[in-house]
There are 2 protein chains.
Amino acid sequence: MANSKLYKGSLNTIILKLLEEQGKMYGYEITQKVKVLTKGELSITEGALYPALHKLEAEGLLDVEVAKVDNRLRKYYKLTEAGEKETVNRLAELEEFIRSMQQLVNPNWSIN
Amino acid sequence: MANSKLYKGSLNTIILKLLEEQGKMYGYEITQKVKVLTKGELSITEGALYPALHKLEAEGLLDVEVAKVDNRLRKYYKLTEAGEKETVNRLAELEEFIRSMQQLVNPNWSIN
DNA sequence: AAACATACCTAAAAAACTTATGCATAAGAA
DNA sequence: TTCTTATGCATAAGTTTTTTAGGTATGTTT
């Protein structure tokens, strides 16, 4: 991600969460989705994304399905069963982290 | 930090924010304060903290003042003027990041 | 035709940690 | 009184995760 140096370590969780929501997505689609959702605040670089996808696949958390659309290659990724379970855990961790950070940087934020 | 791998890139901001609040702190004190504030969720490792403090000092954002308490050395750090300005910027960035992450991982969280 | 968007990829370097040590003093427990 | 834990500093080696900087190729817009 270009602008913010603060997201480190959460890229994998972001990927997993988006796949949980969307069912299946391909790499380029993920970069665009994140831009829209964060109003341009976060930009995933491809140099970070593709290796991350490959690693998650190697870990058995993602499955791939290749498709050809308009003569262009697309690699759709979706969660495996193990991936679904892992996503739940990582989201819980991320939420805890966010709450902790809120306590640190701005205890006045209301949290629910 | 031991338990959560998600905080990367935010350590410097945490340090700056705590110093803004507390006026001056020494390294060990920072590690303990973070543990308390986050209820043990985040643990800053000394291997991360001390190099970070030295770097912030080298960048002119922190001043050091050495003290001896109970025959033990303490290095108190406090924000320089440049440090105070930088802290404002980094906190704004961090808050934006947190809001973005909330949008990604849980759009139902209420934010203010 | 050139530029931009879509779509994949990797390698080298930098950044930011963890882990493992080391040193020293004070306090508490066995 | 010795052992362990807490306080307090520090650095070096290794790992992880990213950025930067390329590369390839097709489709679309100007």
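Because only heavy atoms are used, hydrogens play no part in the values below, and waters and symmetry mates are left out as well, while side chains stay in. All chains are named by letter (A, B, ...) in the order of the sequence lines, taking the proteins before the strands, and each is independently numbered beginning at 1.
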First of Glu46(A) and Tyr50(B) reached from the 5' end of DNA chain D, by closest nucleotide: Tyr50(B)
Look at the side-chain N and O atoms of Asn71(B) and state whether any lies under 4.0 Å from the OP1 or OP2 oxygen of dA24(C). no
Provide, to the nearest angstrom, the distance between the CG atom belonging to Asp70(A) and the P atom belonging to dC8(C). 13 Å
Mind calculating the distance between CG (Leu11(A)) and C1' (dT16(D)) to the nearest angstrom? 12 Å
What is the separation between atom CD1 on Ile15(B) and atom P on dA16(C), rounded to the nearest whole Å? 12 Å
Membership question, hydrophobic clusters at under 4.5 Å side-chain separation (ILVMFWY): are Val88(B) and Leu91(B) in the same one? no
Select one nucleotide: of dC8(C), dT17(D), dT6(C), the one nearest the side-chain heavy atoms of Tyr26(A). dC8(C)
How close do Tyr77(B) and Leu19(B) get, counting heavy atoms only, and between which atoms? O-CD2, 3.2 Å
What nucleic acid atoms does Lys55(A) come within less than 4.0 Å of, heavy atoms only: base, sugar-phosphate, or nothing? sugar-phosphate
Between dC9(D) (C1') and His54(B) (NE2): distance, integer Å: 8 Å
Separation of dA26(C) P from Leu73(B) CG (nearest whole Å): 12 Å
Rounded to whole Å, OH of Tyr28(B) lies from C1' of dG8(D) at a distance of 8 Å
Restricting to non-hydrogen atoms, name the atom on Leu18(B) and the atom on Met25(B) that form the minimum distance, rounded to 0.1 Å. CB-SD, 3.8 Å
Hey, does Gly27(B) reach any base, or is it just sugar-phosphate, or nothing, if we go heavy atoms under 4.0 Å? sugar-phosphate
Is the side chain of Thr13(B) donor-acceptor paired with the backbone N or O of Arg90(B) at a distance under 3.5 Å, no angle test? no
Nearest whole angstrom, please: distance from the P of dC23(C) to the CZ of Arg72(B). 18 Å
Side-chain heavy-atom pair Leu62(A), Thr80(A) within 4.5 angstrom cut-off: no
Under 4.0 Å, heavy atoms only, any strand: does Arg74(A) hit a base, just the sugar-phosphate, or nothing? sugar-phosphate
Atom NZ of Lys75(A) and atom P of dT6(C): how far apart are they, to the nearest Å? 20 Å
